[in-house]
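Reviewing the structure listed below.
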Amino acid sequence: MTDFLLDLNDVQRQAVRATEGPVMVLAGAGSGKTRVITYRIAWLIKNGYASAKNILALTFTNKAAGEMRHRVDVLLQQGSAGGLWIGTFHSIFARLLRNDIHLLGYDRNFSIFDADDSKSLIRQSMGELNISPDSVPLNTLQGIISRAKNSFILPEEFRRSAGDYNQQIAAKVYDLYTRKLRENNALDFDDLLIKPLELFREHPMVLEALQDTFRYLLIDEYQDTNKAQYLAAKMLSAKHRNIFVVGDDAQSIYSWRGADISNILNFQDDYTDALTFKLVENYRSTGTILQAANSVIRNNLRQIKKELVSHRSAGDPLTLIEARNERHEAEKIGEYIHSIRIEKGYEFRSFAVFYRTNAQSRVLEDLMRQNRIPYKIFGSVSFYKRKEIKDAVAYLRFLLNDRDSESLLRIINFPPRKIGETSIGKLREFAEAEGITLYEAITRADEGQFQSRLVNSLKGFSSLIEALRLLAETGTVYAVLTELFSLTSIPLLLKEENTAESLARHENLQELLSMARDFSDNNPDQGSLGDFLETISLASNYDESQDSDNYVSLMTVHASKGLEFPVVFITGLEERLFPLNCYEPEQLEEERRLFYVAMTRAQEKIFLSWAQTRYLYGQPQYCLKSMFISEIDSSIVKTESGTVLADRKERQGTRNAVPESGGYRQRPAGAVSAPSQKPRESGLREGSTVHHAVFGQGTVLDVQGRGAGQKALIRFRNAGEKTLMVQYANLRVL
DNA sequence: GCATATGCTGTTTTT
DNA sequence: CAGCATATGC
């Protein structure tokens, strides 16, 4: 029974065998984290600790879940992995909610609202509350509300603790938005995490039943959990206390999504009897790459100390590429890809190019195309976010949940049926007066005071819906979609339009159709429309794994987490780009972790690049070399000409130097002067009144240090107290 | 009701 | 620059 554990190293094996009680595995990059989780699941089943259906494994991406399931299947051979609960937090919780959400007054056919649906509902709420987006931007409100939800702060509590003006506005919007979701019988992504918590709190029996079912709980990427996920995990495991978490605090890069790094940092305080294992043996990267990564992450204060140990030889030093501008940067990357490929025999698929922001991908993409380098951009516009797909899906969603007004509004006049905004306004009034839903208003349009032309249009629409709904009750998803396309002629219209764009959209609809066919073939049972929609709603464009084609991968650093490549280019290493503008020390630490993630993806070689000028919002900007470059041991970084950085005589300070003016012919056209970043005297002192682009006006309470490392403690009128790095904060002294 | 112009705003995005 | 939301004209 222990033979298959021979594939593991000592620490991995100990972690697998520690079956009872809380366990945390700190798994450094490339240390075999997935291996430990999958072997542990196999171990539990093979040794009869639990059967598959008593094990719940939670991940953050569908891709990770799929990979895990596959690997467990392989380990167990006879397929006893059936019944295993492996999935993302969101999909597993959605599944649980389908069973019990009626207890909270929702219908089990609830819609899942994506970020756009949610934004639209927030916009409506703001409209009704007479809150102009000029006073508090929509995105800000959406962020505040989402963060509150991720921290499991419900509207009532939020209102009680709302401090500044923005918060008070947000409290009102949050409250109305929540009511609107309920009216729509809809849950947003955050609700999928917090509705179970409400359910557990109000109906302890439901929780108890789940605790009995899930005797073993495993959580991947624990450093990325937010408060709601943390609470759910705690509640679910409270009875058997078999909670097993795997993560790496150094790879926590989603704090802006509510992830709370303290969950992993404090695990041992939380579960005082927890066993902890540290996996630091790295099987992925050369010694030099790990030395570089270790030297950078050492600069973070808030972390659990651990240094990755390589199982490989030292390998090559890192190469620093210094380019004139982003175009030049891309050209150099293209040249290196060609030359390394030829000299060292690497294939295109061995290369990855990372960037901090999606906007950077364009220049890189252009160049790849021009130089005939096959490439693939990961995580650009999601298939499901395309308009034509969203429209088709809105029909399906509406068939299942006719309170879903977001979907209704999408389809009511698509394809055009002469039901415009004014008509919808009248319908709304009618619905409100009668106290009925918008769709009921449509079916009872003849009772309202509408023009007969409008009544006819509405009747046409509702009979279309009813026909499709009838089909949906007995037919497959594929049948419904086929009928939808035939009755509405949506694909036909696109084909007739006959532009490159419309044909691409037509193609996408065909793709959706073939996905529906696959789904229907695999799920011939009735009522699978809901499952299909759930799969679609919770799918993301990052789920697609690399196929067998041979291409260079282009992606954001965030998207690179969990992947590995022989040769990695980390681009745009400039102050204010990577690290991206960050005002608070904690944000800088997160940027550093992000850089750490980027470096630890590489197996053989790393190229670091920066450009002296770069367009930002259409304006050329001077750039400064990223501080992260100078944090790497300079003995293992060489320039393109082969000089080791440590030996290079710097004519200028590395950190804050402005590129020599005149040194470059190509002064940016119509050059706007760069944001001045010289460590000139900041002029800050206690009591100064300052203005900050994000936090607004505030008073300086304390100033520490000077020059590059200067920090200031500032009390903002509307944003509370913050410690900011003066160098980055771009404060205006008033 | 619909198509086109203008003006504004923005950085990363597992679900 | 580009995508989006609103405003305007037909």
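Note that the structure is a prediction, hence the values are computed from the model and not measured. Below, chains carry the letters A, B, ... as their sequence lines are ordered, and counting in each starts from 1.
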Closest to the side chain of A/Pro416, out of B/dT13, B/dC2, B/dT14, is B/dC2
Classify the ring geometry between A/Trp256 and A/Tyr254 as parallel (under 30°), tilted (30 to 60°) or perpendicular (over 60°). tilted
Say whether, by atom type as modelled, one donor and one acceptor occur between the side chain of A/Thr38 and the main chain of A/Thr34 under 3.5 angstrom. yes
Return the value, rounded to whole Å, for the distance between atom NZ of A/Lys418 and atom C1' of B/dC2. 9 Å
Applying a 4.0 Å non-hydrogen cut-off, can you work out what A/Asp224 is touching in the nucleic acid: base, sugar-phosphate, or nothing? base
Which residue lies more 5' along DNA chain B, comparing A/Leu580 with A/Thr225 via nearest heavy atoms: A/Leu580
Which nucleotide in the set B/dC2, C/dT6, B/dG1 lies at the smallest distance from any side-chain heavy atom of A/Ser423? B/dG1
Within this structure, what is the CG-to-C1' distance between A/Leu193 and B/dT14, rounded to whole angstrom? 11 Å
Could you check whether A/Phe450 and A/Phe430 have their ring centres less than 6.0 Å apart? yes
What contact category does A/Thr59 fall into here, base, sugar-phosphate, or nothing, at under 4.0 angstrom with non-hydrogen atoms? nothing
Pair A/Tyr222, A/Asn263 - check side chain to side chain contact (heavy atoms under 4.5 Å, CB included), show working. CA-CA 8 Å; A/Tyr222 191 67; A/Asn263 289 345; 4.0 Å; yes
Select base, sugar-phosphate, or nothing to describe what A/Arg123 touches, counting heavy atoms under 4.0 Å on all strands. sugar-phosphate
Among B/dG1, C/dT6, B/dT12, which nucleotide has an atom closest to any side-chain atom of A/Thr556? B/dT12
Can you tell me the distance, in whole Å, between the NZ atom of A/Lys385 and the C1' atom of C/dC4? 13 Å
Between C1' on B/dT13 and CZ on A/Phe60, what's the gap in Å once rounded to a whole number? 14 Å
For A/Arg95, is there an ion pair with A/Glu534 - N to carboxylate O distance below 4.0 angstrom? no
Residue mapping more 5' on DNA chain B - nearest nucleotide basis, A/Tyr617 or A/Arg417: A/Arg417
Counting only side-chain heavy atoms from C-beta out, which of B/dT12, C/dA5, B/dT14 sits nearest to A/Arg257? B/dT14
Just call it for A/Glu421: base, sugar-phosphate, or nothing, with non-hydrogen atoms closer than 4.0 Å on any strand. sugar-phosphate
Report which part of the nucleic acid A/Gly420 touches: base, sugar-phosphate, or nothing (heavy-atom distance under 4.0 Å, all strands). sugar-phosphate
Looking only at B/dT14, B/dT12, B/dT11, the nucleotide nearest the A/Thr61 side chain is B/dT14
Any donor-acceptor N or O pair under 3.5 Å, side chains A/Gln621, A/Glu574: no
Given atom CE of A/Met126 and atom P of C/dT6, what is their separation to the nearest angstrom? 10 Å
Rounded to whole Å, the CD-P distance (A/Gln124 to C/dT6) equals 12 Å
Under 4.0 angstrom between A/Asn358 side-chain N/O and C/dA2 OP1 or OP2: no
Length of the line joining A/Phe89:CZ and B/dT13:P, which is rounded to integer Å: 21 Å
Whole angstrom is fine here: how far is it from CZ in A/Arg576 over to P in B/dT12? 17 Å
